[in-house]
Amino acid sequence: MSQSPLLQVRNLHTIFPTESGEVRAVNGINFSLARGKVLGIVGESGSGKSVTAYSILRILDNPGKITQGSVLFEEEDLVRLSPGEMRHVRGAKISIIFQDPMTSLNPVYTVGNQLSEAIRLHTRRNRQQARARALEMLTLVGVNEPEKRLKQYPYQLSGGMRQRVMIAMALACEPDILIADEPTTALDVTIQAQILELMQDLKEKLGMAIIMITHDLGVIAEMCDEIIVMYAGRVCERGTAEEIFYNPRHEYTKGLLRSIPKLETGKGRLMPIGGSPVDLLNLPEGCAFAARCDSAMKICLREQPEELRINEHHLASCWLNVKNQMEGGQEHG
Amino acid sequence: MADHLLQVEDLKQYFPVRTGFLQSRQLKAVDGVSFHIDAGETLGLVGESGCGKTTVGRSLLRLYKPTGGTIRFKGELVDDESIKRLRKQMQVVFQDPYSSLNPRMTVADIIGEPLDIHKLYKTEKEREEKVVQLLELVGLNSDHKRRYAHEFSGGQRQRIGIARALAVDPEFIVADEPVSALDVSIQAQIINTFVELQERLGLAYLFIAHDLHVVHHVSRRIAVMYLGKIVETASADQVIASPLHPYTASLISAIPVADPDKARTRHRIVLEGEVPSPLNIPEGCSFRPRCRYATEICAEQTPQLRELAPGHEVACWNPLFD
């Protein structure tokens, strides 16, 4: 977690003004990403995990905008770059793959066309060199018969193949950071296993850092060195994978870990988190999770908890930790 | 035979697919599937997309007219005539709580519609009472009845879908991926609701899902499908602890484990290749092209389900004994 991080997000706020009010999708989040590491962002729909990623790359849908904060990458604040400068970052330095590989590929261009376009945009390669690079990339991501695939259209490929093409495209210019936004959610488990293995493999080979966005705690556990748990546009807690899974210090994380059915444990009741997801148009004053939290105290409803350092590898925003610390650091049960 | 609540024999569901001018082929979505479900029990049906699991569920309720095979409910043959009556006892809950509820109807009308169709009340007051009872049964309350579906969250909508299915007081429910569109924390709520309702009302479920964790949690027995066929059935614990079919084993091993230490140390079987198109099913065992244990016989003959241990059936020439 130390050294100078590759990417540093500080107090980032992103809103979507709508007719019925401001949707505050991201509310002041902080994190950093070290070179060559895999950072997982986990949360439910509406937690702001994808908006965080889109804010970093500044590809927010209209009318979303960043209202505060900074995204430091190689000592530059991406939030303040001009659109032209930003274009040189996207794809070349930081690239992204999306959940649905069908809608993120252009249906009327061949795979080869789309791959070469990305390569020629960011490097000085000519048409032939770009094509050679495209072929090399398809081979790298394990697409069978790459020569033939270059001439095919996205509809002729299966879901897993399309996601491989997306990965090839994202990695063609050897970015420092790959953002993967639910890259395997649309795929079957056996294909998901293939894609996750491929990503791990490529990370070793190319040495890039990955931001893995998912709602699947299993995928997070398999892939990530560090984890951020998000709820209602805020970071509940962050730390190493071990800390988050074995020593969770936010009631939401604990609830999430309890609510997933496991193969080993017996049947009986699951322990779900009660209530419904929070309404982003009407964020509560205090902790956004308080309404669903069994251990909520009065202060939780009124004031937002500050981020508290639990140990060297772990930060959490929950009043219970503050209370425990004041009572002499007793383990909270 | 009449012992089982539901008995399915050799169910086949083919769809014609146009492949060119005046040419068409059969897509064998379900190709000879047999199973049974007892009163009050849950059979979990798992498999990847395109394996035919949803089609099985729909054919049972005659939402599709099966190409072949027989379905018996309490010993009675399910056909075009009997299904009208039997739909009072067999119901369905769909995957997508957004598209399966009519946006123009109030919750009271959505849940009341099956009561209207089967004429299950005498006075308006009785209808209203039943609707409120149903809402409370699934964890909603009477304030909700005048609202429209869009006013609810995904989990609440799925509860409305369940209440609608329960309106006719059925004995058997096909639950087709009922939690896969929901967030993790909400999934657990809905799974609990299914389990509680089963205990209270003695319902039998065919629980269709791609998530083995969820299916294992709710089911007594599990059937694993691959390309239109059941390749393995056993008790839920047997399937997980000692899978005999290589496909089942790889399916289990492909699921990411929410435990970093285990995830890093365990050995994962990563399957090569992808599921072939159901238009172009390989000869012999359809799993053969992706199977590391495949031998000559697998290409020549299609393996049939055989009972290798009590209650544990597998369709494989080279089952995994160790």
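Nothing here was measured: the structure is a model prediction, and the numbers come from that model. Computed from heavy atoms alone, side chains included, the values below leave out hydrogens, waters and symmetry copies. So that the names make sense, note that chain A is the first sequence line, chain B the second, and so on, each numbered from 1.
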Specify the closest pair of heavy atoms between [X] and [Y], including all atoms of both residues, with the distance to one decimal.
X: Ile186(B); Y: Pro277(A); result: CD1-CD, 4.1 Å
X: Ala193(A); Y: Arg268(B); result: O-NH2, 3.8 Å
X: Glu274(B); Y: Ile191(A); result: CG-CD1, 3.6 Å
X: Leu271(B); Y: Gln194(A); result: O-NE2, 2.5 Å

Under a 4.5 Å cutoff for heavy-atom pairs, which residue among [options] has the most contacts with chain B?
options: Arg258(A), His215(A), Glu197(A); value: Glu197(A)
options: Val189(A), Ile273(A), Thr190(A); value: Thr190(A)
options: Ala241(A), Ser45(A), Gly46(A); value: Ser45(A)

Minimum side-chain heavy-atom gap Pro272(A)-Asn192(B) below 4.5 Å
yes

Below 4.5 Å, heavy atoms only, C-beta onward: do Pro256(B) and Gln192(A) meet side chain to side chain?
yes

Part of [X] within contact of chain B (heavy atom distance under 4.5 Å):
X: Arg292(A); value: side chain
X: Met223(A); value: neither
X: Tyr246(A); value: side chain

What distance separates Asp216(A) CG from Asp211(B) CG, expressed to the nearest 0.5 Å?
8.0 Å

Nearest 0.5 angstrom please: Leu270(A) CG to Ser185(B) OG, how far?
12.0 Å

Contact winner vs chain A - [options], heavy-atom pairs under 4.5 Å:
options: Ser253(B), Ala188(B), Gly50(B); value: Ala188(B)
options: Arg266(B), Gln189(B), Arg290(B); value: Gln189(B)
options: Gly154(B), Ser277(B), Gly273(B); value: Gly273(B)

Contacting moiety of [X], where chain A heavy atoms sit under 4.5 Å:
X: Val214(B); value: both
X: Ser49(B); value: both
X: Ile269(B); value: neither
X: Glu272(B); value: backbone

Neighbourhood of chain A inside residues 258-265 of chain B, taking heavy atoms under 4.5 Å as contact
Ala258(B), Asp259(B), Pro260(B), Asp261(B), Lys262(B), Ala263(B), Arg264(B)

Can a donor-acceptor pair be found between the side chains of Ser259(A) and Gln187(B) at a distance below 3.5 Å?
no

When you look at NZ of Lys145(B), are more than 12 heavy atoms from neighbouring residues, nucleotides or ligands closer to it than 6.0 Å?
yes

Can you tell me if Lys203(A) has over 12 outside heavy atoms packed within less than 6.0 Å of its NZ?
yes

Is the side chain of Asp183(B) donor-acceptor paired with the backbone N or O of Glu44(A) at a distance under 3.5 Å, no angle test?
no

Using modelled atom types and a 3.5 Å cut-off, is there a donor and acceptor pairing between side-chain atoms of His213(B) and backbone atoms of Pro261(A)?
yes

Could you give all pairs that pass the side chain to side chain donor-acceptor pair (under 3.5 Å) test and reach residues 138-148 of chain A, with sequence neighbours left out?
Asn144(A)-Arg149(A)

